[in-house]
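Quick note on labels: first sequence line is chain A, next is B, and so on, each numbered from 1.
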There are 2 protein chains.
Amino acid sequence: MQTILVIDDDDNLRDTIGVLVEREGFRALLAADGISGVDQAILAKPSLIITDLRLPGLSGVEVCKRIRGAGILTPIIVLSAIGEEIDKVLLLEIGADDYVVKPFGSRELLARIKALLRRQPGNQQKVLGFADIEVNLDRRIVTKRDQEIRFTPAEYNLLTFFLQNPDRPLSRDMILNSVWGYESFPNTRTVDAHVVRLRQKLEPDPNSPRHFLTLHKVGYRFLP
Amino acid sequence: MQTILVIDDDDNLRDTIGVLVEREGFRALLAADGISGVDQAILAKPSLIITDLRLPGLSGVEVCKRIRGAGILTPIIVLSAIGEEIDKVLLLEIGADDYVVKPFGSRELLARIKALLRRQPGNQQKVLGFADIEVNLDRRIVTKRDQEIRFTPAEYNLLTFFLQNPDRPLSRDMILNSVWGYESFPNTRTVDAHVVRLRQKLEPDPNSPRHFLTLHKVGYRFLP
DNA sequence: CGCATCTTGTAAAAGAGTTGTAAAAACTGG
DNA sequence: CCAGTTTTTACAACTCTTTTACAAGATGCG
């Protein structure tokens, strides 16, 4: 589960944001001042940090600087009151990723939280593709111009292997070892049979392949 | 009991709304101008605020801004006269959650009040669903077009797991670990047996499932 | 170039493995 | 011990994989 750290000295707002994000399935971690906020940012490794700009003790700017100074790249959203003049450049310089002006609607804050989290490396949906084909590794779905194409497990494994090794000559033995594993010993013609099916499903013209190429006496080569 | 703050300079309308909401079991708090409205919003912590857009002194827009500026996320319904041009975007920007055009029927206003209150953190009933099925997590009740369908604990747990992980391939082992826990080790066919029962109870045609799909040699996938 | 030989393409059959499902067996809390 | 629930079992039905067989294509050498 993803944790969101909220640093704000306004008890009311802090709790409200906490409830808000918990309702969306995040864990909320609350800090009332900058010092403990920075501590928690370092110790609890949250997925996202929301901090007020005006804080007693350490200011929001200082909080950002210290967190970034500790080598922590967690996205930070800065809250600023409507009157406070905020310098977008300064915010970016100190390492903030986004800012929200109070008063804000709950929907706006959530939208920004989700947008930032979506952009994080680990949370990106892993998608491979070539031409008009998309392979969504998380959903295990292959689409051709948004139309789903079904693949059996062996076909799907072979396809992702090709996609992960583009532009390289791949012998049938190599493919068998990588896709089927060392435990099973099917005849090398099995690979051919599956390549045929990949071509039928994915090539614009299966009779003259542009992506799944034959290297005579060598094996196959995938070209994106 | 939930309190509703009504800010309106029209004595007649203000009282009418007050009576209306009290008849529904809310406590009504009335303010005749923006200044006292904002004060009460901050002091009395109402569950919902209804404010007219055109007010003497502080306008409805200002009222919203000040309330949000104080870090108060209480839902706000804005009332506007039929001629007044209202900018929905502006309303959302200033932190209003909904607006009602005068003249309005009492039923309409009440419906919107209840809709907003339902969405609030503490009051929210957690409901998942797909097609004509609704799963009320708080009440642990599943309904198909308002007709209750009974589920045994294991079935129910499996169902909610599917609902919380839509569109993703779920292996039998993953399902067993998540739904049954690491402590118990039933055979993976147990999952199949329960899926059969989910399909029998929830699929329009259990013989050709549209929601609880089999991924041959992989596991299952739930599609809402 | 032409022919023999080897490699690859491919549909279809055979084989292996997986899933659906009803029913029996085991379990559980009263 | 009972009723309800869960798990296992058994077998039919089905899907996927592999093999096979033959056609088509590529290669190489005289």
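Counting non-hydrogen atoms under 4.0 angstrom, A/Thr190 reaches a base of the nucleic acid. Within the nucleic acid shown, B/Arg199 comes within 4.0 Å of sugar-phosphate atoms alone, with no base atom in reach, counting heavy atoms only. B/Thr152 comes within 4.0 angstrom of the backbone, heavy atoms only, and of no base. Counting any heavy atom pair closer than 4.0 Å across all strands shown, A/Phe212 reaches no nucleic acid atom.
Every residue meeting the side chain to side chain contact (heavy atoms under 4.5 Å, CB included) condition with B/Glu134, not counting sequence neighbours, appears here in chain and number order: B/Val127, B/Thr143. Taking B/Ala70 as the reference, B/Ile42, B/Ile72 meet the side chain to side chain contact (heavy atoms under 4.5 Å, CB included) condition, with sequence neighbours excluded. Scored by the side chain to side chain contact (heavy atoms under 4.5 Å, CB included) test, A/Lys45 finds no partners at all (sequence neighbours excluded). Evaluation of the side chain to side chain contact (heavy atoms under 4.5 Å, CB included) rule for A/Pro186 yields A/Leu176, A/Trp180, A/Ser184, A/Thr190 as partners, not counting sequence neighbours.
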Let me have the donor-acceptor pairs involving side chains of residues 206-216 of chain B, under 3.5 Å, with sequence neighbours excluded, atom names and distances please.
residue: B/Ser208; atom: OG; partner: B/Asp205; partner atom: OD2; Å: 3.0
residue: B/His211; atom: ND1; partner: B/Leu223; partner atom: O; Å: 2.9
residue: B/Thr214; atom: OG1; partner: B/Arg199; partner atom: NH2; Å: 3.4

Which pairs would a plain distance check flag for residues 145-154 of chain A, meaning a side-chain donor or acceptor within less than 3.5 Å of a matching protein atom at least two apart in sequence or in another chain?
residue: A/Arg145; atom: NE; partner: A/Asp132; partner atom: OD2; Å: 3.2
residue: A/Arg145; atom: NH2; partner: A/Asp132; partner atom: OD2; Å: 3.4
residue: A/Thr152; atom: OG1; partner: A/Glu155; partner atom: N; Å: 3.4

Q | Protein proximity profile, nucleotides 25-30 of chain C - base contact B, sugar-phosphate-only contact S, no contact -, cut-off 4.0 Å on heavy atoms | A | ------
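Between A/Tyr156 and D/dT17 there is no side-chain polar atom (N or O) within less than 4.0 angstrom of OP1 or OP2. Residue A/His194 has a polar side-chain atom (N or O) positioned under 4.0 Å from OP1 or OP2 of D/dT18.
Within residues 157-166 of chain A, no residue has any heavy atom under 4.0 Å from DNA chain C.
Each end of the helix from C/dC1-D/dG30 to C/dG30-D/dC1 gets its own axis from five base pairs, and the two axes differ in direction by 40°, given to 10 degrees.
At a cut-off of 3.5 angstrom, the base of D/dG4 holds no donor-acceptor pair with the side chain of B/Arg150.
Residue pairs that meet the side chain to side chain donor-acceptor pair (under 3.5 Å) test with at least one member in residues 158-167 of chain A, sequence neighbours left out, are A/Asn165-A/Arg168.
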Protein and nucleotides 23-30 of chain D: nitrogen or oxygen contacts under 3.5 angstrom:
none

I'd like a table of atom pairs between the protein and nucleotides 11-13 of chain C - only N or O on both sides, under 3.5 Å - with the distance next to each one.
residue: C/dA11; atom: OP2; partner: A/Gln200; partner atom: NE2; Å: 2.9

